[in-house]
Asker: 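Have a look at this one.
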Amino acid sequence: MILTDSMQAIINKKILIIQVFLFLVLQFNYIDSSLKPGDGIENLNYAQNISKYKKYTLDIKKKESNYREPLYPLLLSINIHIVDSLFSKVNNDFKVKLYKITNVLFLLILGLISFNYSSKICNSKFIPNFIFFLLCFGHFFPQTNVFLSESLAGIFLLMISFYSFKLYSSNIKFKYLLYIFLLIGIGSYCKSIFILLNYFYLPILIYCFIKTKNKKIIILFFVPYIILSPLYLWNYNKFDKITLGTENRSSWILAIRSYYLTINTKEYMYSFIYNNPVLKHFFLDSKKINSENINRIDEINYKYNFYNYGVSYMLNGEKILENNYVSNLDFYHNYDIELKNKIKFESIKNIFQNPFKHLSVSLLMLYKSSSFNDVNSIYYFSKNKNILIKLYFYFHLLIGFFYLPFFILLSLLSLINREKIFLFVLPTNILIGLYSLLTFYVPRYNLIFLPVILIIFFYYLENKRLYPKSLSFF
């Protein structure tokens, strides 16, 4: 029996509805009252202080602060306010679980938008449902149990990517450029690094202006800054400085990268071994690394992956010892903005004085974070005792190592062939480069790229036949 397009569409929607129902059931069974330390706790603290005290601060006993981007905490605070109003008499553990519904909704929205966009980019009726499945039942699944903004940021990046794709094939350049720059502005409230996309899109803006002679197009460059103006004004009012915020984080992130420049060649090579589980076990099992080198690898891995050491190094300019170690909380609360800015600019100076070493370290950053398997995923995948479920999630851990390399290869292929899909992957490639160059790149950062990676992979699988024709099933 041959299915008509309308019948196939109904079947696909039924499959999607079943997946959504299953996703919600599993998520409400999975999310709990646990609070893992880290960035998620800071987001939660900000959201609770907004809800209860109407103040944007990490610690209500301290003055207002701008350590984290405000959009995710602000949206989370709305749910916290609703939960605290409706369930004021229930215990705190149950409230925390209800707070996490925000994360579930963001992931569901990301999955549905990915389903919609992949339906428009790929011709197959099967692909959109499979992409929804991989997104919502794979690496993103455990992230709902921590208060992190990756799902929300992924929504903005996917929309920017899709409108970039539409820009190539449409004669209405202004409309899609407007969407792109609006999303860059709003997305910068979620991930401040998004504002740098503004500069990378400037050449596209100029090209479209030359092509269409529409003077309004040039004005679009300033749209993100207009959108961000309330945040600039708030920071100026509170800290006497016109800035996007997250000043403390930019200081210690750059301090880490400056600290990495102290690494020598031997330590650099050991870092590649340490950050690859296969190589690490091979070298240890074959006794190619003696006990002294093992300890050195552990020391390198510990110091070069914790921002506290970068800050301590920039403050003291010498080897990090217990008596000159500066914790992140000390840095947040006990150092003024002038010293933090001094650290930032001295770190930038060190980087510019060692450009080639900085580039080599950037390759290490990309290498060590090329998987999607962060601590939250590992925690969840090892948590369940059912062997079949564990095997399923270990499979996702395995394929996580291949997402980024395949994506970069397909991006290069689309660039070489000058295909319109290149504009779809351009924002993601820009952010991968920026994360490698400017941050201490951790695997969690890659999660926002996953929808784009899955769509381009299946696009090529469908259109370029990256498999024998005899196996064609799309």
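Worth knowing before you read on, the calculation uses all heavy atoms, side chains too, and leaves out hydrogens, waters and symmetry mates. Residues: numbered from 1 along the sequence shown.
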Asker: Mind checking whether Phe137 and Gln19 have side chains closer than 4.5 Å, heavy atoms only?
Answerer: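 In contact.
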Asker: Would you say Lys166 has more than 12 foreign heavy atoms packed within less than 6.0 Å of its NZ?
Answerer: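 12 or below, so no.
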Asker: Would you say that Gln48 contacts Asn45 through its side chain, given a criterion of any heavy-atom pair below 4.5 Å between the two side chains?
Answerer: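 Side chain of Gln48 against side chain of Asn45, heavy atoms only: contact under 4.5 Å found.
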Asker: What distance do Phe181 atom CZ and Ile160 atom CD1 have between them, rounded to the nearest 0.5 Å?
Answerer: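 Separation between the atoms: 10.0 Å.
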Asker: Is the shortest side-chain heavy-atom distance between Leu107 and Phe23 below 4.5 Å?
Answerer: yes
Asker: Going by the rule ring-ring contact (aromatic ring centres under 6.0 Å, His included), which residues pair with Tyr201 if we only count those two or more places apart in sequence or in a different chain?
Answerer: none
Asker: Determine yes or no for a side-chain-to-main-chain donor-acceptor pair under 3.5 angstrom, with Ser77 supplying the side chain and Ala47 the backbone.
Answerer: no
Asker: So does Glu419 get a backbone contact from the side chain of Asn417, meaning a donor-acceptor N/O pair under 3.5 Å?
Answerer: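 Side chain of Asn417 to backbone of Glu419: no pair is present.
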Asker: Without swapping roles, check the side chain of Asn198 against the backbone of Phe221 for a donor-acceptor pair under 3.5 Å.
Answerer: yes
Asker: Between Leu437 and Leu359, what is the shortest heavy-atom contact and its length?
Answerer: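 Heavy atoms only, the tightest pair is CD2-CD2, 3.8 Å.
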Asker: Please verify the inter-ring angle class for Phe162 with Tyr117; under 30° counts as parallel, over 60° as perpendicular, anything in between as tilted.
Answerer: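 Answer is parallel, since the angle falls under 30°.
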Asker: Take atom NZ in Lys55; do more than 12 heavy atoms of anything else shown fall under 6.0 Å from it?
Answerer: yes
Asker: Provide the closest heavy-atom pair for Ser414 versus Phe422 in the form atom of the first, atom of the second, distance.
Answerer: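 What the structure gives for the nearest pair is OG-CD1, 3.4 Å.
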Asker: Salt-bridge test for Lys52 and Asp84: reply yes if a basic N is under 4.0 Å from a carboxylate O, no otherwise.
Answerer: no
Asker: Is the closest side-chain donor-acceptor distance between Ser411 and Asn429 under 3.5 Å?
Answerer: yes
Asker: Under the side-chain contact (heavy atoms from CB on, under 4.5 Å) rule, what do Leu366 and Leu404 come out as? Steps first, then yes or no, please.
Answerer: CA-CA 9 Å; Leu366 179 61; Leu404 216 55; 4.0 Å; yes
Asker: Heavy atoms, side chains only, cut-off 4.5 Å: are Leu110 and Pro451 in contact?
Answerer: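 Yes; the side chains approach each other to less than 4.5 Å.
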Asker: Please state whether the rings of Phe457 and Phe406 are parallel, tilted or perpendicular, taking 30° and 60° as the class boundaries.
Answerer: perpendicular
Asker: Taking C-beta and beyond as the side chain, do Ser33 and Phe94 meet within less than 4.5 Å on heavy atoms?
Answerer: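 Ser33 vs Phe94: side chains apart.
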Asker: So which heavy atom on Lys215 is nearest to which on Phe209, and how close?
Answerer: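 For Lys215 versus Phe209, the nearest heavy atoms are CA-CE1, 3.8 Å.
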Asker: Can you confirm if the aromatic rings of Phe115 and Phe132 lie within a centre distance of less than 6.0 Å?
Answerer: no
Asker: Aromatic rings Tyr72 and Phe106: how do their planes relate, parallel, tilted or perpendicular, breaks at 30° and 60°?
Answerer: tilted
Asker: Go through the structure and list residues passing salt bridge (Lys or Arg N to Asp or Glu O under 4.0 Å) with Asp93, not counting sequence neighbours.
Answerer: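 Once residues adjacent in sequence are excluded, Asp93 has no partner under the salt bridge (Lys or Arg N to Asp or Glu O under 4.0 Å) criterion.
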Asker: Quick one: closest heavy-atom pair of Leu261 and Asn350, and the distance?
Answerer: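 The pair with the smallest heavy-atom distance is CD1-O, 3.5 Å.
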Asker: Say you draw a straight line from CG of Leu438 to CD1 of Ile351; how long is it, rounded to the nearest 0.5 Å?
Answerer: 7.5 Å
Asker: Rounded to the nearest 0.5 Å, how far does CG of Leu135 lie from CD1 of Ile455?
Answerer: 8.0 Å
Asker: Looking at Ser34 and Val96, what are the two nearest heavy atoms and their distance?
Answerer: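 Heavy atoms only, the tightest pair is O-CG1, 4.4 Å.
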Asker: Establish, from distance only, whether the side-chain atoms of Asn446 and Tyr435 form a donor-acceptor pair under 3.5 Å.
Answerer: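 Result is no, nothing qualifies.
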Asker: In terms of side-chain geometry, is the basic nitrogen of Glu69 or Lys191 positioned less than 4.0 Å from the acidic oxygen of its partner?
Answerer: no
Asker: Any side-chain heavy atom of Phe141 sitting closer than 4.5 Å to one from Leu26?
Answerer: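 Phe141 reaches Leu26 side chain to side chain.
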Asker: Keeping to residues at least two apart or across chains, list the salt bridge (Lys or Arg N to Asp or Glu O under 4.0 Å) pairs with something in residues 193-214.
Answerer: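 Pairs touching residues 193-214 that pass the test: none.
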Asker: May I ask you to test the Leu202-Leu205 pair for a side-chain heavy-atom distance under 4.5 Å?
Answerer: yes
Asker: Does Lys173 reach the main-chain N or O of Leu167 with its side chain, forming a donor-acceptor pair under 3.5 Å?
Answerer: yes
Asker: Assess whether side-chain contact (heavy atoms from CB on, under 4.5 Å) is satisfied between Gln27 and Asn103, documenting all intermediate values.
Answerer: CA-CA 10 Å; Gln27 278 291 343; Asn103 302 331; over 6 Å; no
Asker: Could you check whether Lys97 pairs with Asp32 (Lys NZ or Arg NE/NH1/NH2 to Asp/Glu carboxylate O, under 4.0 Å)?
Answerer: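 Result for this pair is no, no salt bridge flagged.
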Asker: Which distance, rounded to the nearest 0.5 Å, do you find between the CD1 of Ile121 and the CD of Glu462?
Answerer: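 Separation between the atoms: 11.0 Å.
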Asker: Under 3.5 Å, is there a donor-acceptor pair between the Ser362 and Arg257 side chains?
Answerer: yes
Asker: I want to check something: taking the side chain as every heavy atom from C-beta on, are Leu233 and Asn237 in contact at a cut-off of under 4.5 Å?
Answerer: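 Answer no - side chains too far apart.
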Asker: When you look at Leu98 and Ile101, which way does the side-chain contact (heavy atoms from CB on, under 4.5 Å) test go after all the steps?
Answerer: CA-CA 5 Å; Leu98 293 179; Ile101 292 175; 3.8 Å; yes
Asker: What is the ring orientation for Phe130 with Phe133, classed by angle as parallel under 30°, tilted 30 to 60°, or perpendicular over 60°?
Answerer: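 Answer is parallel, since the angle falls under 30°.
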Asker: Could you tell me whether Tyr56 and Tyr46 have their ring centroids closer than 6.0 angstrom?
Answerer: yes
Asker: From Ser436 OG over to His358 NE2, what is the distance, rounded to the nearest 0.5 angstrom?
Answerer: 9.5 Å
Asker: Run the numbers on Tyr441 and Ile432 for side-chain contact (heavy atoms from CB on, under 4.5 Å), then give the verdict.
Answerer: CA-CA 9 Å; Tyr441 208 164; Ile432 289 172; 4.1 Å; yes
Asker: Taking atom OH of Tyr207 as the centre, does the number of heavy atoms from other residues, nucleotides or ligands within less than 6.0 Å exceed 12?
Answerer: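 No, the 6.0 Å shell around OH holds no more than 12 heavy atoms from other groups.
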Asker: Taking the six-membered ring for Trp, are His139 and Tyr403 parallel (under 30°), tilted (30 to 60°) or perpendicular (over 60°)?
Answerer: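 Perpendicular, since the angle between the ring planes exceeds 60°.
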Asker: To the nearest 0.5 Å, how far apart are CD in Gln143 and NZ in Lys100?
Answerer: 11.5 Å
Asker: Could you pull out the closest heavy-atom pair between Ile227 and Gly185, with the gap in Å?
Answerer: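 Heavy atoms only, the tightest pair is CG2-C, 3.9 Å.
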